[in-house]
There are 2 protein chains.
Amino acid sequence: MNLPDLDKVIHERARLRVLACLASHPRHTSSFTELKESLDMTAGNLSSQLSVLEDSEYINIEKKFHGKKPFTEVRLTDKGAEAFEKYIEALDQMIAALKAKK
Amino acid sequence: MNLPDLDKVIHERARLRVLACLASHPRHTSSFTELKESLDMTAGNLSSQLSVLEDSEYINIEKKFHGKKPFTEVRLTDKGAEAFEKYIEALDQMIAALKAKK
DNA sequence: TTTTTATAGTTTGTAATACAAACTAGTTTA
DNA sequence: TAAACTAGTTTGTATTACAAACTATAAAAA
């Protein structure tokens, strides 16, 4: 069996969702609120998970304003995009190996 | 984005490896020792993870003897095989969606 | 025979962590 | 001016992944 060592930071389900969301955005960018709504996460959980991703330098977070409203921009870094791609590639290979064996 | 709700029991990395191992065996069966060696896990961790899988009825565990040596047989149940297949299918679709978007 | 070592696991303890509830801070509406 | 809303963060807790320590038996060595 070809069992890859999957990136622990990415593998967590909530974070995987966040990264998938960001990676599929044309500009690799989204906002706190958009992520929260589209992934149906509580703000607390999203905030925590974003911190983990930020500590790994997989995303960066910029606080701006839209008019008078705070607005948090979340962007996938190059490092994050690379790590995510590698993770997906590893999964894909594992799946291919499993299907081949069946 | 097509973000599936991945089975928590299966998603954990150690258990994913165990299930992948079992699923790729012709008889969906392995032994404690073989899993331990081939997955390079500590006996303690493997034992715990097997208990979780057993509680979910994804595997069953039978204690036999080979001569005088105890020998623990681990077998993927039908329920487990089904759940694992569903999990892999979900991942595969997510990956496909991600690649399509790129 | 009595240690010692090896085999095959299980139980226990702990550090990490996923997640939600409670909180903060500013803004808009009644 | 008070109430309700928006946009998040911090704190607390329950879960849990994992390894160290332990149990039990068997074989080998002394």
Side-chain angles (χ1 to χ4, degrees), chain A residues 3-22 29-75 83 87, chain B residues 3-22 29-75 80 83-84 87:
Chain A
L3 292 169
D5 197 8
L6 298 166
D7 186 322
K8 217 172 172 177
V9 171
I10 297 179
H11 191 67
E12 159 61 28
R13 297 182 314 160
R15 291 190 296 264
L16 182 55
R17 285 160 163 281
V18 169
L19 291 178
C21 225
L22 290 174
T29 296
S30 187
S31 69
F32 187 94
T33 303
E34 193 195 340
L35 287 172
K36 176 178 167 326
E37 315 266 83
S38 71
L39 298 176
D40 194 30
M41 293 174 72
T42 61
N45 188 19
L46 180 55
S47 180
S48 309
Q49 304 300 346
L50 290 181
S51 294
V52 174
L53 290 170
E54 200 182 17
D55 290 347
S56 301
E57 298 177 314
Y58 286 174
I59 62 171
N60 64 43
I61 295 179
E62 217 171 324
K63 279 153 211 306
K64 307 178 168 183
F65 281 86
H66 270 185
K68 290 186 173 176
K69 287 184 183 175
F71 168 83
T72 296
E73 188 174 275
V74 181
R75 184 191 313 258
Y87 173 87
Chain B
L3 292 169
D5 197 8
L6 298 166
D7 185 323
K8 216 173 174 176
V9 170
I10 297 179
H11 191 67
E12 158 62 26
R13 297 183 315 159
R15 290 190 296 264
L16 182 54
R17 285 159 163 280
V18 169
L19 291 178
C21 225
L22 290 174
T29 296
S30 186
S31 71
F32 187 94
T33 301
E34 193 195 341
L35 288 171
K36 176 178 166 326
E37 315 265 83
S38 70
L39 299 176
D40 195 29
M41 293 175 72
T42 61
N45 188 19
L46 179 55
S47 180
S48 307
Q49 303 301 345
L50 290 181
S51 292
V52 174
L53 290 170
E54 199 182 17
D55 290 349
S56 301
E57 299 177 312
Y58 286 174
I59 61 171
N60 64 45
I61 295 180
E62 216 172 324
K63 280 154 209 307
K64 307 179 171 183
F65 281 85
H66 271 182
K68 288 189 175 175
K69 287 185 183 174
F71 168 84
T72 298
E73 188 174 278
V74 182
R75 183 191 313 259
F84 186 64
Y87 172 87

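These values consider heavy atoms only, across backbone and side chains, with no hydrogens, waters or symmetry-generated copies. A quick note: this is a predicted structure, and the numbers were derived from the prediction, not measured. First the proteins, then the strands, lettered A, B, ... as listed; each starts at 1.
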Taking the side chain from [X] and the backbone from [Y], do they hold a donor-acceptor pair closer than 3.5 Å?
X	Y	result
B/Arg13	A/Asp7	no
A/Ser38	A/Glu34	yes
B/Arg17	A/Pro4	yes

Tell me: [atom1] of [X] to [atom2] of [N], nearest whole Å?
X	N	atom1	atom2	value
B/Lys68	D/dA28	NZ	C1'	14 Å
A/Lys36	D/dG8	NZ	P	10 Å
B/Phe32	C/dA6	CZ	P	19 Å
B/Lys69	C/dA8	NZ	P	5 Å
B/Leu50	D/dA17	CG	C1'	14 Å
B/His66	D/dA27	NE2	P	15 Å
B/Leu16	D/dA17	CG	P	13 Å
B/Leu46	C/dA8	CG	P	13 Å

Atom CG of B/Asp40 with >12 non-hydrogen neighbours under 6.0 angstrom: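 Not buried by this count: 12 neighbours or fewer within 6.0 Å.
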Summary of protein contacts for nucleotides 12-23 of chain C, nucleotide by nucleotide, where a base hit scores B, a sugar-phosphate-only hit scores S (4.0 Å, heavy atoms): ------SBBB--
Sequence neighbours excluded, every pair satisfying ring-ring contact (aromatic ring centres under 6.0 Å, His included) that has a member inside residues 47-73 of chain A: A/His66-A/Phe71
With side chains defined as the heavy atoms from C-beta onward, is the minimum distance between [X] and [Y] less than 4.5 Å?
X	Y	answer
A/Ile61	A/Phe32	no
A/Glu12	A/Val52	no
A/Ile59	A/Leu19	yes
B/Val74	B/Thr29	no

Within residues 54-65 of chain B, residues whose heavy atoms come under 4.0 Å of DNA chain D: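 Within this stretch, nothing sits under 4.0 Å of the strand.
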Touch class at under 4.0 angstrom, heavy-atom based, for B/Thr33 against every strand present: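 Contact class for B/Thr33: sugar-phosphate only.
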